[in-house]
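Inspection log for the structure reproduced underneath, given as structure tokens.
Nothing here was measured: the structure is a model prediction, and the numbers come from that model. Throughout, protein chains are lettered first and strands after them, A, B, ... in sequence-line order, and every chain is numbered starting at 1.
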Amino acid sequence: MVADDVSGPTSSDGARVVTRFAPSPTGYLHLGGARTALFNWLFARHHGGTFLLRIEDTDRARSTQPAIDAILDGMRWLGLDWDGDAIFQFARADRHAAVAHAMVASGHAYRCYMTQDEIAAQRAAAQAAKQPLRLRSPWRDADPATAPADQPFVLRLKAPRDGATAIDDLVQGIVTVQNAELDDMVLLRSDGTPTYMLAVVVDDHDMGVTHVIRGDDHLNNAFRQLPIYRAMNAVEGGWPDPIYAHIPLIHGTDGAKMSKRHGAVGVEAYRDELGILPEAFGNYLLRLGWGHGDDEIISRAQATEWFDLAAVGKSPSRFDLKKLEHLNGHYIREADDDRLAALVAAIGGYGSDSIPLLRRAMPSLKARAANLNELATNAAFLFATRPLAIDPAAADLLAGEAPSILAGVHAALDAVHHWDTEALETAVRQVAEDRGVKLGQVAQPLRAALTGRKTSPGIFDVLVVLGREESLGRINDQMAA
RNA sequence: GGCCCCUUCGUCUAAGGGUUAGGACGCGGCCCUUUCACGGCUGAAAUACGGGUUCGAAUCCCGUAGGGGUCACCA
């Protein structure tokens, strides 16, 4: 895999930019993860840099192949292409261990033989004192010669205890933490496997990552990871601090953290269950925590040009489905009819034979849908078989005078030679005029007869799309003898 | 609880010492109209609270309250 010779395009100011998205495959690609990926992608593309993908699968018990597939699938759906092959962290365990051992050899880490009981005792004491646990291992400064022979041990970082560490975060600004707040975290577990804290740093370094853009739930981790960079930089050089950007999390509608109970579903649910278009989803995610003046509708290309981490806000934002759907409606209206026809055919289960008809109906159909499911539902009348099932809400429209009016419409339309909107509208308006009623009193029964529903695309569009024979047949089914 | 971060309409955000505090979603009204949407116009709606600095504070400082994050041999 990549060593420290990653070569990438350079931005105009000469500074190479390499970002990465590093999800752990223990679940789907959720909203927050998707936005983190988007921001990393935009930042890299904006600077003409490199965007890498790393799967953090070191938790063998919880990592699954379906989760990996879901993440990759979600990113492709959102158009977040990564450079090169995805890196799998678990495969690099030997390299991580080697770094940990190098740190021991150079005195930046040490073998800790503390037992679970000893750790539990410190934890209990900390709780009693109402203080956070800051583990103090007696092995930090112990003579290695006094080490027990057959006892398991972990490798711990010898973290600085004096002074403070400050990071200049691109989003959070300068954040300072006292080193006394940190403890010596585990680098290598007693079974020899690396911890996340070690693996992240080693991989980011080896992949040449220059900018670490991630959720601000990792902000505290930056202070634990920096000592590893600095230790290794002291050992062999070439381990500069990365530039950090910790972006705020996305909360549920209730302001609480996204949870499985509160909308924390995978991006594929937005696609499959809510009928969201990827461009709408991306646009929505972009505007969560970031803004560019009064602009709301922002294309990916425009976003790439405008995106700037400094403009990302520091406070968490709430998810708003209504706004997502508004954007979705916009992108549906803008979408290509062939694409939508194929999508709707699949969602509605109409089959590939239905695509030509869907394609023809799409211009009037797509103007009135906020998501693809709605679009599929609204298209159902196209494939209904005679006699149509009438929606209860539309039944009233076919009562009273309606059958008589429809008989008049049938006669008028039957006489139309050129079956186009103009001729049809003229004919229907004439029926209304002859009967001395408003157009609506003719159009509404006609709509119910043709679609079985109370609402539909413009009635003349419906007539054209359905065609002469089918239209007259459906009218005939509902008219007075 | 310790530490870190945050706070402008209900929500997403703009304005970074001087604005009638702007836009978008949602909500109400009007217009368009064959229905529903779309679109157009329009209305209600915010600087968390308290001090301070200043001629002047949403904007700078301090405090309070509220919210979030984090404190593992998970990632």
For this session: Classify the nucleic acid contact of A:E425 as base, sugar-phosphate or nothing, counting any heavy atom under 4.0 Å across all strands shown.
Result: nothing
Problem set entry | Base of B:G69 paired with side chain of A:D216 (donor-acceptor, under 3.5 Å) | no
Seminar exercise, completed: Considering only heavy side-chain atoms of A:Y196, the closest of B:C12, B:A75, B:C73 is B:A75
Exercise. Roughly, in whole Å, what's the span from CG in A:D184 to P in B:C71?
Worked result: 16 Å
Exercise. Can you check the A:F90 CZ to B:A75 P distance for me, whole Å?
Worked result: 12 Å
For this session: For B:U54 versus B:G18, give the span between their C1' atoms, rounded off to a whole number of Å.
Result: 12 Å
Exercise. Under 3.5 Å, side chain of A:R447 to main-chain N/O of A:L450, donor-acceptor pair present?
Worked result: no
For this session: Scan A:T176 against the nucleic acid and name what it touches under 4.0 Å (heavy atoms): base, sugar-phosphate only, or nothing.
Result: sugar-phosphate
For this session: Select base, sugar-phosphate, or nothing to describe what A:V186 touches, counting heavy atoms under 4.0 Å on all strands.
Result: sugar-phosphate
For this session: Can you tell me, in whole Å, how much space there is between the C1' of B:G66 and that of B:U47?
Result: 16 Å
Problem set entry | Whole-Å distance separating the CD atom of A:Q172 from the C1' atom of B:C5 | 6 Å
Exercise. Given the side-chain rings of A:Y28 and A:Y270, with only the six-membered ring counted for Trp, is the space between their centroids under 6.0 Å?
Worked result: no
Problem set entry | Criterion salt bridge (Lys or Arg N to Asp or Glu O under 4.0 Å) against A:D184, the qualifying member of A:R224, A:R156, A:R140, A:K158 | A:R140
Exercise. Can you find a donor-acceptor N/O pair under 3.5 angstrom joining the side chain of A:R318 to the base of B:U11?
Worked result: no
For this session: Indicate, with a heavy-atom threshold strictly under 4.0 Å, whether A:M197 touches base, sugar-phosphate, or nothing.
Result: base
Exercise. Between B:A46 and B:G23, how far is it from one C1' atom to the other, in whole Å?
Worked result: 14 Å
For this session: Would you indicate what A:F460 reaches in the nucleic acid, counting non-hydrogen atoms under 4.0 angstrom: base, sugar-phosphate, or nothing?
Result: base
For this session: Output the single nucleotide from B:U11, B:U34, B:A75 whose closest atom is nearest the side chain of A:R62.
Result: B:A75
For this session: Quick one: label A:H292 by what it contacts on the DNA or RNA (base, sugar-phosphate, nothing), any heavy atom closer than 4.0 Å.
Result: nothing
Exercise. Considering the options A:I276, A:I297, A:I298, which one meets the side chain to side chain contact (heavy atoms under 4.5 Å, CB included) requirement together with A:L327?
Worked result: A:I297
For this session: Using a heavy-atom cut-off of under 4.0 Å over every strand shown, decide if A:L219 touches base, sugar-phosphate, or nothing.
Result: sugar-phosphate
Problem set entry | Check: A:S190 side chain, B:C73 base, donor-acceptor under 3.5 Å | yes
Exercise. Can you check whether A:F21 and A:W82 have ring centres sitting under 6.0 Å from each other?
Worked result: no
For this session: Classify the nucleic acid contact of A:G313 as base, sugar-phosphate or nothing, counting any heavy atom under 4.0 Å across all strands shown.
Result: nothing
Exercise. Taking the same atom, C1', in B:G16 and in B:U8, what whole-Å distance lies between them?
Worked result: 13 Å
For this session: Assess the side chains of A:Q89 and A:R92: does a donor N or O sit below 3.5 Å from an acceptor N or O?
Result: no
Exercise. How is A:T455 classified with respect to the nucleic acid when contacts are heavy atoms under 4.0 Å: base, sugar-phosphate, or nothing?
Worked result: base
Exercise. Going by an N to O cut-off under 4.0 Å, is there a salt bridge joining A:R230 and A:D241?
Worked result: yes
Problem set entry | A:N221, nearest nucleotide to its side chain (from B:U35, B:A75, B:C25) | B:A75
For this session: Would you mind telling me which of B:C71, B:C3, B:C73 lies closest to the side-chain atoms of A:Q116?
Result: B:C73
Problem set entry | Atom-to-atom span, CG of A:N283 to C1' of B:C25 - whole angstrom | 12 Å
Problem set entry | Base-pairing mate for B:A24 - Watson-Crick or G-U, with both contacts under 3.5 Å | B:U11
Exercise. Distance between the C1' atoms of B:U20 and B:C9, in whole angstroms?
Worked result: 16 Å
Seminar exercise, completed: Between NE2 of A:H96 and C1' of B:A75 the distance, given in whole Å, is 13 Å
Seminar exercise, completed: Among the nucleotides B:C36, B:G22, B:G69, whichever has the atom closest to the side chain of A:D217 is B:G69
Exercise. With a non-hydrogen cut-off below 4.0 angstrom, is A:P457 in contact with a base, only sugar-phosphate, or nothing?
Worked result: base
For this session: May I ask you to say what A:T58 touches in the nucleic acid, namely base, sugar-phosphate or nothing, with a heavy-atom cut-off under 4.0 Å?
Result: sugar-phosphate
Problem set entry | Spacing of the C1' atoms in B:U19 and B:A14 (rounded, Å) | 12 Å
For this session: Take the protein atom CG of A:D169 and the nucleotide atom P of B:G69, then report the distance between them rounded to whole Å.
Result: 18 Å
For this session: Decide yes or no, distance alone: a donor-acceptor N/O pair under 3.5 angstrom between the base of B:C38 and the side-chain of A:R333.
Result: no
Problem set entry | Base B:G23 to side chain A:E296, donor-acceptor N/O within 3.5 Å cut-off | yes
Exercise. Less than 3.5 Å between a donor and an acceptor, one on the side chain of A:K323 and one on the base of B:C12, is that the case here?
Worked result: yes
